[in-house]
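Remember, it's a predicted structure, so these values are computed and weren't measured experimentally. Every heavy atom of this structure was used, including side-chain atoms; hydrogens, water molecules and symmetry mates were not. The chains referred to below are lettered A, B, ... by the order of the sequence lines, with proteins before strands, and numbering in each begins at 1.
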Amino acid sequence: MLTVEHLHKRYGALEVVRDVSFHVPVGQCFGLLGPNGAGKTTTLRCCLGLTQPDAGSIRLVGLPIPQKAREARLRVGVVPQFDNLDPDFTVTENLIVFGRYFGLSRRECEARVGRLLEFAGLTDKADARIEALSGGMKRRLTLARAMINDPQVLFMDEPTTGLDPQARHLVWDRLKTLVTEGRTIVLTTHFMDEAQRLCDRVAIMDQGVLIAEDAPRTLIEREIEPVVIEVYGEGVERWFHTYGKTLSSRAELAGDTAFCYCVDPEPLMKTLEGQRELRALRRAANLEDVFLKLTGRDLRD
Amino acid sequence: MTEAAIASPATDTSRRVSRWRFAHVVYRNYLVWRKLIGSALVGHLADPLIWLVGLGFGLGRLMPPIGGLRYIEFLASGMLCYSAMNSASFEGLWSAFTRLKVQRTWESILNAPMTVADVVIGEWVWCALKGTLSAAAILLVMALLGIVQTPLALWVLPIALVVGLAFGGLALIITALAKSYDTFTYYFSLLLMPMTLISGVFFPIDQLPKIVQTAAQFLPLVHATTLARALAVGTPVDNILLHVAVLVFYAVATVVIAAKLVERRLMR
């Protein structure tokens with residue numbers, strides 16, 4: 001459905017995408033993860049033909065990009081990172097006007113609006129103005145707008161950034177429905193729980209390079225020990241140097257918290273018994289651990 | 001499902017989305033305009049009409065005839081072009097910039113199967129339609145005041161359309177380069193207003209220094225006022241084709257440049 005091979009893109013002296021290759025088969029949800037500035041958005045823009053790559057080849061819905069980008073976008077829906085709903089129109093008008101850009105007649109658009117509003121949970125907001133919508137409603141409307149042409153592939157750039165937990169769960173639920181219908185989804189995110197929950201496959205990108213790609217579960221098993229113990233509290237530093245480092249397979253101290261990655265957590269747990277000042281959290285390894293291991297803990301701004 | 005099977009419906013649908021795609025952008029702007037029709041009519045129609053009547057009768061009382069025309073007769077055809085220019089410029093500057101930068105409307109359109117050229121041509125045509133509408137309102141008042149008497153005067157409307165295209169195109173160039181709305185104030189005050197004063201809108205230019213007259217010939221507005229005056233009130237005119245050619249040149253050249261600049265700005 002989407003094949004990217006040896007993609008390069010530079011802005012001036014800065015190469016923001018370096019030799020990126022991946023493939024998204026039909027019906028999969030594919031997540032592109034990475035810290036801010038990793039090149040995720042630029043990669044998506046290249047895939048949609050919204051920017052010229054410097055090298056590499058892209059095929060989307062069987063068509064070469066950017067040569068046939070406009071034709072490809074007939075079968076594609078896009079949820080951009082920033083809402084660009086039309087504030088001059090109502091909810092319904094936004095959908096109809098957007099459908100016209102796909103060459104749909106007014107009648108075809110009107111016929112689709114009802115179902116899309118239902119899908120987005122906005123039926124009772126059909127005639128509301130955009131400024132009257134909450135952030136979550138706007139995001140859902142943007143998603144509904146991206147569905148007006150009944151697309152085979154959906155591109156979503158950070159679909160749940162800025163949403164509260166209720167709104168995020170609703171968006172996730174809708175995205176799962178879309179995948180169940182056989183649609184392909186390509187999304188970027190820096191929420192690891194989102195990626196782990198939604199994506200069949202994820203690729204982690206950092207400084208323009210794809211550094212890992214696999215199913216979330218496989219990545220976790222391959223990169224991280226199964227159990228993580230987080231320890232914090234008075235005297236954590238001393239504990240970390242005495243026990244944490246030696247009794248785990250891998251450990252690091254970040255700020256006030258020690259992260260210990262273990263295959264067998266029991267010896268380490270024993271050293272915490274009776275340590276009243278220390279608090280410990282024992283949990284399963286997750287995608288965020290993989291992400292932090294591969295991209296480091298430094299801030300990226 | 002194979003990828004080839006997926007590709008075929010895309011080609012089928014694309015036949016329906018023709019080279020008239022820019023019309024979707026015109027239609028979008030029309031729908032918004034229709035919602036705000038009250039303020040749109042007052043701002044872009046009533047305003048120049050008040051100026052025309054006020055200046056024409058007020059100042060006109062003090063003025064000797066110009067080339068055999070009463071002042072209001074002279075002024076009206078100038079105001080007609082000025083008004084077409086103003087309407088098209090406002091639309092291509094403030095309104096288009098709002099859609100480009102503030103509302104990101106153009107970006108959303110580019111996520112659909114539309115190109116930068118579709119967007120820019122749509123905006124360009126829309127600017128010209130708004131300019132023509134302003135001109136038409138003035139023409140109507142001219143008819144009501146008995147200033148125009150021949151149906152030949154209706155030919156000023158296509159002239160107004162080309163004036164709208166020329167200034168719409170220029171405005172879109174400025175918009176494509178602008179960082180903020182402030183730029184437009186400079187464009188209006190430092191370029192459009194001085195040009196208006198040397199283009200025969202409010203007074204004839206033959207008393208101006210020769211060099212200023214020559215300079216004006218390289219700008220579009222004087223060609224519009226010359227043509228409009230000839231059509232509306234029958235002043236003699238030479239070189240009709242040259243006047244039309246300059247306007248058409250401005251219209252086409254500016255939209256091509258504007259499309260390139262918007263492409264550079266949005267498709268990076």
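- Of the residues considered (B/Leu266, B/Thr105, B/Asn111, B/Leu110), B/Asn111 shows the highest number of contacts with chain A, using heavy-atom pairs under 4.5 Å.
- Heavy-atom distances place both the backbone and the side chain of B/Leu31 under 4.5 Å from chain A.
- Ion pairing between A/Arg201 and A/Glu213 holds under the 4.0 Å rule for side-chain N and carboxylate O.
- Across B/Ile109, B/Thr115, B/Leu36, B/Val25, the residue that shares the most heavy-atom pairs under 4.5 angstrom with chain A is B/Ile109.
- A salt bridge does not link A/Arg145 to A/Asp86: none of the charged nitrogens lies less than 4.0 Å from a carboxylate oxygen.
- Heavy-atom pairs under 4.5 Å with chain B peak, among A/Leu48, A/Val76, A/Val78, at A/Val78.
- Relative ring orientation between B/Phe97 and B/Tyr181 is described as perpendicular, the plane-to-plane angle rising above 60° on a 0-90° scale split at 30° and 60°.
- Salt-bridge annotation for A/Asp150 and A/Arg112: absent, with no side-chain N of the basic residue lying under 4.0 Å from a carboxylate O of the acidic one.
- Counting heavy-atom pairs closer than 4.5 Å to chain A, the top residue among B/Met267, B/Arg104, B/Arg99 is B/Met267.
- Using a 30° and 60° split on the angle between ring planes, A/Tyr101 and A/Phe98 fall in the perpendicular class, above 60°.
- Neither the backbone nor the side chain of A/Phe155 comes within less than 4.5 Å of any heavy atom in chain B.
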